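Below is one structure, written out as structure tokens; the observations come after it.
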Amino acid sequence: MSNVNLDDIVSLAKRRGFIYQGSEVYGGLSGTWDYGPLGVALKRNIMNLWWKMFVEERDDMYGVDAAILMNQKVWQASGHVDTFTDPLVECSNCKSRFREDQIDTKKCPTCGKTGTFSKARQFNMMFKTNVGPIDDEASVSYLRPETAQGIFTNFKNVVDSFYPDLPFGIAQQGKAFRNEISPRDFVFRSREFEQMEIEYFVSPKDWEKQFDAWVKAIHEWCKMLGLPAASVHELEVPASDRAHYSKRTIDFEFDFPHGRHELLGLAYRTDFDLGNIQKSSGKSMEYRPKDGGEAFVPHVIEPSFGVERALMAVLTSAYTEDEVNGEKRIFLKLPTHLAPVKVAVSPLLKNKEVLSKKARAVYADLKKEFGAVMWDDNGNIGKRYRRQDEIGTPYCVTVDFQTLEDNTVTVRNRDTTKQERVKIEKLVGQLSV
Ligand code: GAP
């Protein structure tokens with residue numbers, strides 16, 4: 001378990017504009033979260049890094065962005081209508097509902113009465129809706145509980161448009177929805193969240209080799225997020241606990257503040273999905289090898305990443321407390337490529353026009369270069385440093401009276417708190433952003 005306290009992360013995330021409770025002004029909506037200005041920047045940096053690593057930098061990967069609403073047949077063929085369930089129990093005294101495997105059912109966690117739970121019933125976690133003005137069985141649809149199916153249903157389209165060599169992958173990022181019985185632990189278990197998924201199509205002869213290559217790629221991803229290797233663990237999921245479609249699954253777990261839990265998953269889904277689509281749509285999902293070999297339905301390795309869990313692991317790894325000049329300091333030691341703000345620029349004194357004017361010019365230049373640059377002249381310089389430390393800004397640039405004489409500024413490093421003077425014309429080259 002991490003020694004970071006979850007309450008400290010939740011409190012910093014709210015105080016500094018990363019993440020707020022969804023619909024907070026109306027008392028909230030359980031399992032939903034809103035991203036503030038810094039949260040959305042951090043989330044985008046994580047998602048863009050993933051896209052860059054797994055789509056742009058590879059030549060065996062194709063991106064898609066499928067509709068969230070899909071034909072109900074998708075969810076029938078995938079098995080989600082029948083089996084995407086969690087065991088629900090209800091207390092006969094206070095009517096509270098829980099996921100059976102998350103509580104001790106001898107005693108109700110809400111009212112404390114014993115022996116009040118009935119037998120569990122299976123609760124389907126998909127959000128059901130109707131498409132169009134007629135509310136009948138034919139118009140039933142679901143908010144997608146995973147992005148994966150939008151990939152499988154486009155397999156043939158991508159093959160027909162690009163005719164890629166096998167193995168190749170299709171990647172998608174986007175919202176997923178699950179009506180979790182007990183959302184909990186901040187954004188870790190939400191009802192609306194984002195996934196980044198890859199379906200990697202392979203020859204069945206080749207699946208073990210490809211699976212191993214993905215294990216390596218996932219560790220590389222965790223490293224790029226700044227997660228300490230010692231906090232990431234592989235759990236070989238036993239057959240009895242695997243999803244209905246999987247022949248092998250490794251859960252990559254992380255030491256979160258609330259314990260060691262699943263960060264992301266890697267599954268060998270065989271030809272389960274394409275085979276089912278072929279059966280239920282009547283359309284061939286076969287791939288014809290370019291060397292003239294026999295056509296076959298490819299098998300699939302699926303690395304499935306949750307954005308919220310990645311973000312929580314990043315915050316947990318980055319959250320640091322130390323002491324500066326005898327005072328406690330909190331800072332986020334974020335990798336620079338993930339930091340929502342790369343540089344903050346300040347005039348030493350807010351009300352000195354001559355300093356502000358010079359600082360504004362420095363700010364404009366850096367913003368043109370790096371984009372994520374913040375103007376910060378609120379409070380005294382000490383307070384500004386503390387604020388920027390808490391949001392993980394790697395560098396603070398300050399324009400002072402000496403700047404007016406020798407055209408240098410101070411650059412303060414977040415991690416060491418050390419300051420050095422740098423010539424303005426050398427600033428862009430010197431900041432490793
Ligand atoms: N397509 C396979 C699939 O969806 P999953 O293990 O159910 O597999 C994949 O989900 C990832 O999605 C998880 O490892 C986790 O990171 C994220 N995830 C799943 N349910 C979540 C929830 N309720 N809240 C936040 N993230 C969730």
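These numbers come from a predicted model, not from an experiment. Both counts, for ligands and for their atoms, begin at 1 and track the order of listing.
- Contacts classified as ring pair (Phe, Tyr, Trp, His ring centres under 6.0 Å) and involving residues 112-134 (residues at least two apart or in different chains) are given here: Phe98-Phe117.
- There is no side-chain donor-acceptor pair under 3.5 Å between Gln72 and Ser141.
- Looking at residues two or more places apart in sequence or on another chain, you find a ring pair (Phe, Tyr, Trp, His ring centres under 6.0 Å) between Phe201 and Phe155, Phe168.
- Side chain to side chain, Trp375 and Asp377 meet the donor-acceptor criterion of an N or O pair below 3.5 Å.
- Every residue two or more places apart in sequence or in another chain was checked for a ring pair (Phe, Tyr, Trp, His ring centres under 6.0 Å) with Tyr245, and none qualifies.
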Working note: Glu234 + His219, criterion side chain to side chain donor-acceptor pair (under 3.5 Å); need CA distance, chi angles, decisive distance, verdict.
CA-CA 10 Å; Glu234 288 179 27; His219 282 295; 2.7 Å; yes
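- A heavy-atom cutoff of 4.0 Å around ligand 1 is satisfied by the protein residues Glu146, Ala148, Arg178, Glu180, Val187, Phe188, Arg189, Ser190, Phe193, Gln195, Glu197, Tyr245, Glu262, Leu263, Leu264, Gly265, Arg269, Glu302, Ser304, Gly306, Arg309.
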